[in-house]
Enquirer: 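Handing you a structure now.
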Amino acid sequence: MALVMGIDSSTQSCKVVIVDTASDEIVRSGRASHPDGSSVDPEAWWTALQSAIADAGGIDDVEAWAIGGQQHGMVALDDEGRVIRDALLWNDTRSAGSALDLIEEFGAAEFARRTGVVPVASFTVTKLRWLRDNEPENASRVAAVALPHDWLTWRLRGFGPENPALDELVTDRSDASGTGYWSPDSGDYDREILSAALGGDALLPRVLGPLESVADARGRRVGPGAGDNAGAALGVGAHTGDVVVSIGTSGTVFAVSAERTIDPSGTVAGFADADGGFLPIVVTLNAARVLDAIARLLGVDHGELSDLALQAEPGAGGLTLLPYFEGERTPNLPDATASLSGMTLASTTRENLARAAVEGMLSGLSAGVEALRGLNVPLERALLIGGGAQSEAVRRIAPEILGLPVEVPTPGEYVALGAARQAARVLGA
Ligand SMILES: Nc1ncnc2c1ncn2[C@@H]1O[C@H](COP(=O)(O)OP(=O)(O)O)[C@@H](O)[C@H]1O
Ligand SMILES: O=C(CO)[C@@H](O)[C@H](O)COP(=O)(O)O
């Protein structure tokens, strides 16, 4: 029997699972919270990772590990391996103007062709341009740029300001594909785009193939890791025809595909997966936290919110929630706010508001399903995962709004599980 560890360092928390490779069963697990906000000191993730590992009973008996994590966050390092400023996360919209500048310089179609994405504020490339234009002194100190999972992998392998070997930074295809300066065709970085964004070159993590590995300070195998969505695809075992709908802080709709997709409109991002293929994906900024916000407003917990929503009729009596609480990424409306419409004396009930929250959140995801269908991605069934999939109302209303049969795998930490599966693979177990 060999034990492996998978980690999901997500927006709201860090989750650790320790899996027995003989049975594929989780034998121990742990978690710790991350701070709120879209600009976060990466040290908080490192502290949370260590707490989550302690909560899981430690890793002395683990033979291999891998980290999945929230994508796109900009971790800028100086030449002594120190973090230069708080990381700007995927849901930080301050670089929306920088995204427009990059589109003007390169063209949306050219960007999509070269990198698989059209810049929006979420992608790392726009955060680097924002740094260049707004904090030139910080930009001039950047020696290396990493993503959250790259940086945590480096730290857990024993590197950091005390041992600042920047050339030991590694990443994987899936997370590299969310930077906006990586080419899905060549598998190399697009240095011209990187330099145009940052105003100079920087060291970037070496991109490992799906079965490549490195070692930690104790000689254990360390997998390349993954962006959280690609990690979830591994964890849930997604096949052609499946569309995974993940309701976490972000709402994501994605499929695994042997072919890369190119969408010059930017609606579908042409990411890579963690298995040597591709992962066409649509991402919204407003998902589980829409339900959190309305539950808070109504003074109920998630179970009660779900009960209320299921007591209302489909269509919520005409009440509609457009849930752009955090601006929106798809459609690209970084400055939008949420709005409630269709309020009459009859429609304005607690039940209808709860239902409107579920329907509004799912409608954003349903637009994602349509966008994938528009690129001829085969879609036969939806697999619903993420914290929001624990809501019975979400599970029961989803088939009608998504227009697909919906299966709900047993609630679980699929990103961490996907990372554990990758660790087992690199161990050859
Ligand atoms: N029963 C539930 N119904 C609806 N939402 C829930 C439920 N349980 C947890 N959540 C929400 O799910 C979110 C966490 O999901 P998760 O997939 O772990 O997010 P992330 O990966 O972005 O950190 C939180 O916003 C939490 O409030
Ligand atoms: O921006 C994206 C994908 O493009 C998000 O999916 C982030 O990767 C954050 O994921 P969660 O923390 O919401 O799971």
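All ligand and atom numbering here is 1-based and tracks the order in the structure.
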Enquirer: Closest heavy-atom contact between T267 and A371?
Expert: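 Looking at all heavy atoms of both residues, the closest pair is CG2-CB, 3.6 Å.
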
Enquirer: Is the contact between K15 and ligand 1 made by the side chain, the backbone, both, or neither, using heavy atoms and a 4.0 Å cut-off?
Expert: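 Under 4.0 Å from ligand 1, K15 contributes side-chain atoms alone.
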
Enquirer: Taking any residue with a non-hydrogen atom under 4.0 angstrom from an atom of ligand 2, which ones do you get?
Expert: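 Ligand 2 is contacted, at a heavy-atom distance under 4.0 Å, by S10, T11, Q70, Q71, H72, W90, D228, N229, T249, S250, T252, F271, V283, R329.
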
Enquirer: With sequence neighbours excluded, what pairs up with E110 under the salt bridge (Lys or Arg N to Asp or Glu O under 4.0 Å) test?
Expert: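 Testing E110 for salt bridge (Lys or Arg N to Asp or Glu O under 4.0 Å), a comparison that skips the adjacent residues, returns R113, R114.
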
Enquirer: Check ring-ring contact (aromatic ring centres under 6.0 Å, His included) between Y414 and all other residues, then give those that pass, not counting sequence neighbours.
Expert: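 Y414 satisfies ring-ring contact (aromatic ring centres under 6.0 Å, His included) with no other residue.
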
Enquirer: Angle class for the W154/F159 ring planes (parallel below 30°, perpendicular above 60°, tilted otherwise)?
Expert: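 Parallel.
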
Enquirer: Quick one: does G387 get an N or O within less than 3.5 Å of an N or O on ligand 1?
Expert: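 G387 vs ligand 1: N/O contact under 3.5 Å present.
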
Enquirer: Hey, which atoms in ligand 1 end up nearer than 4.0 Å to a heavy atom of S391?
Expert: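 The atoms of ligand 1 under 4.0 Å from a heavy atom of S391 are 3 (N), 4 (C).
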
Enquirer: Should the proximity of Q12 to ligand 1, defined as any heavy atom under 4.0 Å, be assigned to the side chain, the backbone, both, or neither?
Expert: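 Both the backbone and the side chain of Q12 come within reach of ligand 1.
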
Enquirer: Do R395 and E392 sit within salt-bridge range, that is, some charged N less than 4.0 Å from a carboxylate O?
Expert: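 Between E392 and R395 there is no salt bridge, as every charged N stays at least 4.0 Å from the carboxylate O atoms.
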
Enquirer: What about T249: any of its N or O atoms under 3.5 Å from an N or O on ligand 1?
Expert: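 In this structure, T249 places an N or O atom under 3.5 Å from an N or O of ligand 1.
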
Enquirer: When you measure from atom 4 (C) of ligand 1 to every protein heavy atom, which one gives the shortest distance, and what is it?
Expert: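 Protein heavy atom at minimum distance: H302 ND1, 3.2 Å.
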
Enquirer: Within ligand 1, which atoms have a heavy atom of G386 less than 4.0 Å away?
Expert: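 Per the distance check, 17 (O).
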
Enquirer: Is the closest basic N to carboxylate O distance between D275 and R425 below 4.0 Å?
Expert: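 The answer is yes: the pair qualifies as a salt bridge.
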
Enquirer: Aromatic rings H34 and W45: how do their planes relate, parallel, tilted or perpendicular, breaks at 30° and 60°?
Expert: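 If you compare the ring of H34 with that of W45, the planes turn out tilted.
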
Enquirer: Using a 4.0 Å cutoff against the non-hydrogen atoms of S10, which atoms of ligand 1 qualify?
Expert: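 Matching atoms, with element in brackets: 20 (P), 21 (O), 23 (O).
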
Enquirer: Taking atom CZ of R28 as the centre, report whether more than 12 heavy atoms of other residues, nucleotides or ligands fall under 6.0 Å from it.
Expert: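 Correct, the count exceeds 12.
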
Enquirer: Numbering the atoms of ligand 1 from 1, which are under 4.0 Å from a heavy atom of A288?
Expert: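 Under 4.0 Å from A288, ligand 1 has these atoms: 11 (C), 12 (O), 13 (C), 25 (O).
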
Enquirer: Name the residue from N286, I401, V394 that meets the side-chain contact (heavy atoms from CB on, under 4.5 Å) definition with M361.
Expert: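 The residue from N286, I401, V394 that satisfies side-chain contact (heavy atoms from CB on, under 4.5 Å) with M361 turns out to be V394.
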
Enquirer: Quick one: look at D292 and ligand 1, take heavy-atom pairs under 4.0 Å, and tell me if it's side chain, backbone, both or neither.
Expert: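 For D292, only side-chain atoms sit under 4.0 Å from ligand 1.
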
Enquirer: Would R82 and E43 pass as an ion pair if we require N to O under 4.0 Å?
Expert: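 Salt bridge absent between R82 and E43.
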
Enquirer: Can you run down the ring-ring contact (aromatic ring centres under 6.0 Å, His included) pairs that involve residues 81-122, sequence neighbours left out, and say none if there aren't any?
Expert: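 Counting only pairs at least two positions apart or across chains, the ring-ring contact (aromatic ring centres under 6.0 Å, His included) contacts touching residues 81-122 are F106-F111.
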
